[in-house]
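Right, one structure below, let's go through it.
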Amino acid sequence: MGSKPLARPPALAPGNRIGLVSPAGPLLERDDLIRGEELCRALGFEPVTFPHAGGKYGYLAGTDEERLTDLNAALADPTLSAIWCLRGGYGMTRILDRVDFAGLSRAPKAVIGYSDITALLSAIVTECGLVAFHGPMARTSLGSFSQRHFARLLTSSAPAGHLERLVPPAGLLIPKEPRVFTLVPGIAEGRLAGGNLTLLHCLVGTRYFPDLDGALLFLEDIGEDLYAVDRMLAHLRMIGALKRLAGVIVGRFTEMDRGTGDGALGFDEVLLTYFGPLGIPVAAGFPIGHIDEQWFLPLGVRARLDAGAGEVEILEAAVG
C-alpha cells in the first residue's frame, strides 16, 4: 500500500452535519430512517437525510440513478462532515464506476459503513487516497462499546491505540460472543485493508481492489457457506493477492453453514489452508462484521496485530 500516508478527513465535532444515504439495499423497516436520524442527534450531530434514503426499488433503495444522485450529492457537499450509510444489502457495485470520487477529494469527509459498503470504502482509498471507515450502519442501535470506538476513531485526532475487546457480562460461564483465538502467533504492522470477503472478491480485476502488499487484511461475512468462503480465498490465493500480506485479522463470519452432504471442515482449518503457509500472524473472532457491537476500523491507517495476545492497536490518527 506504499509508504505515503493517506489523507485524513476532518475530525467530527458537535453540531457537524452528517449525510444519511442508502446507496445499496432498502431499509427493512419504516422506522430505520428515524433511528438513523435519532442516532446522529444523540451523538451531537445534525442529520441530513437525502431524498432517496428511504426509497425502495425491488431489492435496492431506489433505482441506480436515484441512489447514485444521493451519494454523489453527499460526497461533493462541502457542508457535510461525514456520510453515514444506513444499510448494506446489495447494490453498491452497480453504481461504483459512476461515483463522484473527485467531488469527495474536493470536500474530504469521513464515509462510514460496512458489508456491501465495503466496495465504496475500498474505492475511496484507491481513488481518493483518503481514509474511510468500516463500522456499524447509522440505522443500528449503537451500544456503549461501539460508541466508545466511534469517539476514539472519528472525533479525536490522536491515535486510537489498543482497541477494546468485547468482554462477556460478569457471571456468564459461556460467553455469548466467540472468543478471539490465535491461528498463527506473531506481531505484524501494516495498513488496514479489507472488509466483507464477498465484496472484496467482487472487486478483483477492478481498479477498486485494495493494494494488499504489506497490509493487515481484515475480513468478515454473513450467510456464506464455508465452502464458498474456501472458494473465494482460493481465488485470492491464485491471483497472488495474499502473497505479501503482513497479517490477517478475521472478524465474524455469521450464519455460516459449515457442512455439506460431502462432509465438513472446520473454519479454522480453512483459514489455515490459505494463511498458514504465509508464515504471518493470524487471529480470528474479532468484533468485526454482522454483530450487535463492533469496532470502527479506519481503512488505510497503520495498525499492529498481536495475534498471540488477540490484540489490535491503531498506530496513527484516523482523522485530522
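Quick caveat, the model's predicted, so the values are computed rather than measured. The first residue in the sequence is number 1, and the count goes up from there. Atom set for the values below is all heavy atoms of this structure, side chains included, hydrogens, waters and symmetry mates excluded.
- Taken together through direct or relayed side-chain contacts under 4.5 Å among Ile, Leu, Val, Met, Phe, Trp and Tyr, I314 and F145 form part of one hydrophobic cluster.
- Annotation: side-chain contact (heavy atoms from CB on, under 4.5 Å) contacts of D100 (sequence neighbours excluded): N72, A76, A102, R106.
- The SG atom of C85 lies 6.0 Å from the CG atom of L120; values are rounded to the nearest 0.5 Å.
- Using a distance-only test at 3.5 Å, with no hydrogens or angles considered, no donor-acceptor pair links the side chain of T140 to the main chain of L142.
- Here salt bridge (charged side-chain N to carboxylate O under 4.0 Å, His left out) pairs that include residues 113-139, with residues two or more places apart or in two chains, are D32-R139, E127-R207.
- Legend: residues meeting side-chain contact (heavy atoms from CB on, under 4.5 Å) with T49, ordered by chain and number and at least two apart, are L20, L33, E37, A53.
- Side chain of K109 to main chain of A107: a donor-acceptor pair is present (N/O by atom type, distance under 3.5 Å, no hydrogens or angles).
- Nearest heavy-atom pair, P136 versus I112, reported as atom, atom and distance to 0.1 Å: O-CG2, 4.0 Å.
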Next on the checklist: V248 vs Y274, test: side chain to side chain contact (heavy atoms under 4.5 Å, CB included). Steps then yes/no.
Outcome noted: CA-CA 11 Å; V248 182; Y274 298 101; over 6 Å; no
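- Contact check for L75 versus V99: side-chain heavy atoms found under the 4.5 Å cut-off.
- Separating the CG atom in D77 from the CZ atom in F50 is a distance of 5.5 Å, to the nearest 0.5 Å.
- In this structure, A246 and I280 approach most closely via the heavy-atom pair O-CB, 3.5 Å.
- Under a hydrophobic clustering in which Ile, Leu, Val, Met, Phe, Trp and Tyr are joined whenever their side-chain heavy atoms come within less than 4.5 Å, directly or via other members, L265 and V250 fall into the same cluster.
- Across F133 and P298, no two heavy atoms sit closer than the pair CE2-CB, 3.9 Å.
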Donor-acceptor contacts, no H, no angles, side chain residues 216-224, under 3.5 Å, sequence neighbours left out:
| from | atom 1 | to | atom 2 | distance (Å) |
| --- | --- | --- | --- | --- |
| E220 | OE1 | H290 | ND1 | 2.9 |
| E220 | OE2 | N196 | ND2 | 3.1 |
| D221 | OD1 | N196 | ND2 | 3.2 |
| D221 | OD2 | T198 | N | 3.0 |
| D221 | OD2 | T198 | OG1 | 2.7 |
| E224 | OE2 | T198 | OG1 | 3.3 |

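- Screening residues 234-247 for side chain to side chain donor-acceptor pair (under 3.5 Å), with sequence neighbours left out, gives H201-H235, D213-R244.
- Connection of F267 to L197 is established within a shared hydrophobic cluster, with ILVMFWY side chains joined at heavy-atom distances below 4.5 Å, either directly or through further cluster members.
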Next on the checklist: Using the rule given for side chain to side chain contact (heavy atoms under 4.5 Å, CB included), can you reason through L272 versus V184, listing the C-alpha separation, both sets of side-chain angles and the distance that settles it, and then say yes or no?
Outcome noted: CA-CA 8 Å; L272 282 170; V184 182; 3.9 Å; yes
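- Listed for the D70 side chain is no donor-acceptor partner under 3.5 Å among the backbone atoms of R67.
- In summary, of the residues considered (L60, L68, L96, L71), a side chain to side chain contact (heavy atoms under 4.5 Å, CB included) with P23 occurs for L71 alone.
- Contact annotation: the side chain of L130 approaches that of L104 to within less than 4.5 Å [non-hydrogen atoms, C-beta and beyond].
- Sorted by first then second residue, the salt bridge (charged side-chain N to carboxylate O under 4.0 Å, His left out) pairs that include residues 303-320, not counting sequence neighbours, are E189-R304, R191-E316, R304-E313.
- Note that CG of L192 and CD1 of I249 are 5.5 Å apart. Values are rounded to the nearest 0.5 Å.
- For residues 82-94, every residue pair satisfying the side chain to side chain donor-acceptor pair (under 3.5 Å) rule, not counting sequence neighbours, is listed here: D64-R94.
- S22 contributes atom OG, which lies 12.0 Å from atom CE of M92 (distance to the nearest 0.5 angstrom).
- Side-chain atoms of T182 come within 3.5 Å of backbone atoms of A307 as a donor-acceptor pair (strictly under, hydrogens ignored).
- For S81 (side chain) and N16 (main-chain N/O), no donor-acceptor pair under 3.5 Å exists by modelled atom type.
- No single ILVMFWY cluster, assembled from side-chain heavy atoms under 4.5 Å apart, contains both V125 and L199.
- To the nearest 0.5 Å, the span separating CG on L39 from CD on Q147 amounts to 7.5 Å.
- Proximity of V229 to Y227: side-chain heavy atoms (C-beta onward) are nowhere separated by under 4.5 Å.
- In this structure, V21 and A74 approach most closely via the heavy-atom pair CG1-CB, 4.0 Å.
- Residues P47 and I18 have side chains not in contact (no heavy-atom distance under 4.5 Å, counting atoms from C-beta outward).
- S122 places no side-chain N or O within donor-acceptor distance of the main-chain N or O of A119, the cut-off being under 3.5 Å.
- Between M256 and D225, every side-chain heavy-atom pair lies at or beyond the 4.5 Å cut-off.
- Under the salt bridge (Lys or Arg N to Asp or Glu O under 4.0 Å) criterion, E46 pairs with R17, sequence neighbours left out.
- Side-chain contact between L163 and L297: present, with at least one pair of heavy atoms (C-beta onward) separated by less than 4.5 Å.
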Checklist entry - Could you go step by step and tell me if Y114 and I288 meet the side chain to side chain contact (heavy atoms under 4.5 Å, CB included) rule? => result CA-CA 9 Å; Y114 78 109; I288 306 166; over 6 Å; no
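- Within the structure, no pair that satisfies the ring-ring contact (aromatic ring centres under 6.0 Å, His included) test touches residues 179-200, not counting sequence neighbours.
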Next on the checklist: Between Y208 and D97, does the side-chain hydrogen bond (donor to acceptor under 3.5 Å, both in side chains) criterion hold? Intermediate values first, please.
Outcome noted: CA-CA 9 Å; Y208 311 118; D97 58 347; 5.9 Å; no
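- In this structure, L315 and P159 have side chains that are not in contact, with every pair of non-hydrogen atoms separated by 4.5 Å or more.
- Pairing each heavy atom of P281 with each of A188, the nearest pair is CG-CB, 3.8 Å.
- By the criterion of side-chain heavy atoms lying less than 4.5 angstrom apart, applied directly or through intervening Ile, Leu, Val, Met, Phe, Trp or Tyr residues, Y57 is not grouped with L86; the two fall into different hydrophobic clusters.
- Identified under the ring-ring contact (aromatic ring centres under 6.0 Å, His included) test for residues 16-40, with sequence neighbours left out: none.
- Nearest heavy-atom pair, L299 versus H134, reported as atom, atom and distance to 0.1 Å: CD1-CB, 3.7 Å.
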Next on the checklist: One pair to check against salt bridge (charged side-chain N to carboxylate O under 4.0 Å, His left out): E66 and K56. What are the steps and the verdict?
Outcome noted: CA-CA 10 Å; E66 289 171 341; K56 181 174 173 56; over 6 Å; no
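- At a threshold of 4.5 Å between non-hydrogen side-chain atoms, the residues L200 and T118 count as touching.
- Taking the six-membered ring for Trp and the full ring otherwise, the centers of F296 and F150 sit less than 6.0 Å from each other.
- Listed by first and then second residue, the ring-ring contact (aromatic ring centres under 6.0 Å, His included) pairs involving residues 301-320 amount to none (not counting sequence neighbours).
- A distance of 7.0 Å separates CG in L242 from CG in L233, rounded to the nearest 0.5 Å.
- Among residue pairs with one or both ends in residues 266-282, none qualify as salt bridge (charged side-chain N to carboxylate O under 4.0 Å, His left out); sequence neighbours excluded.
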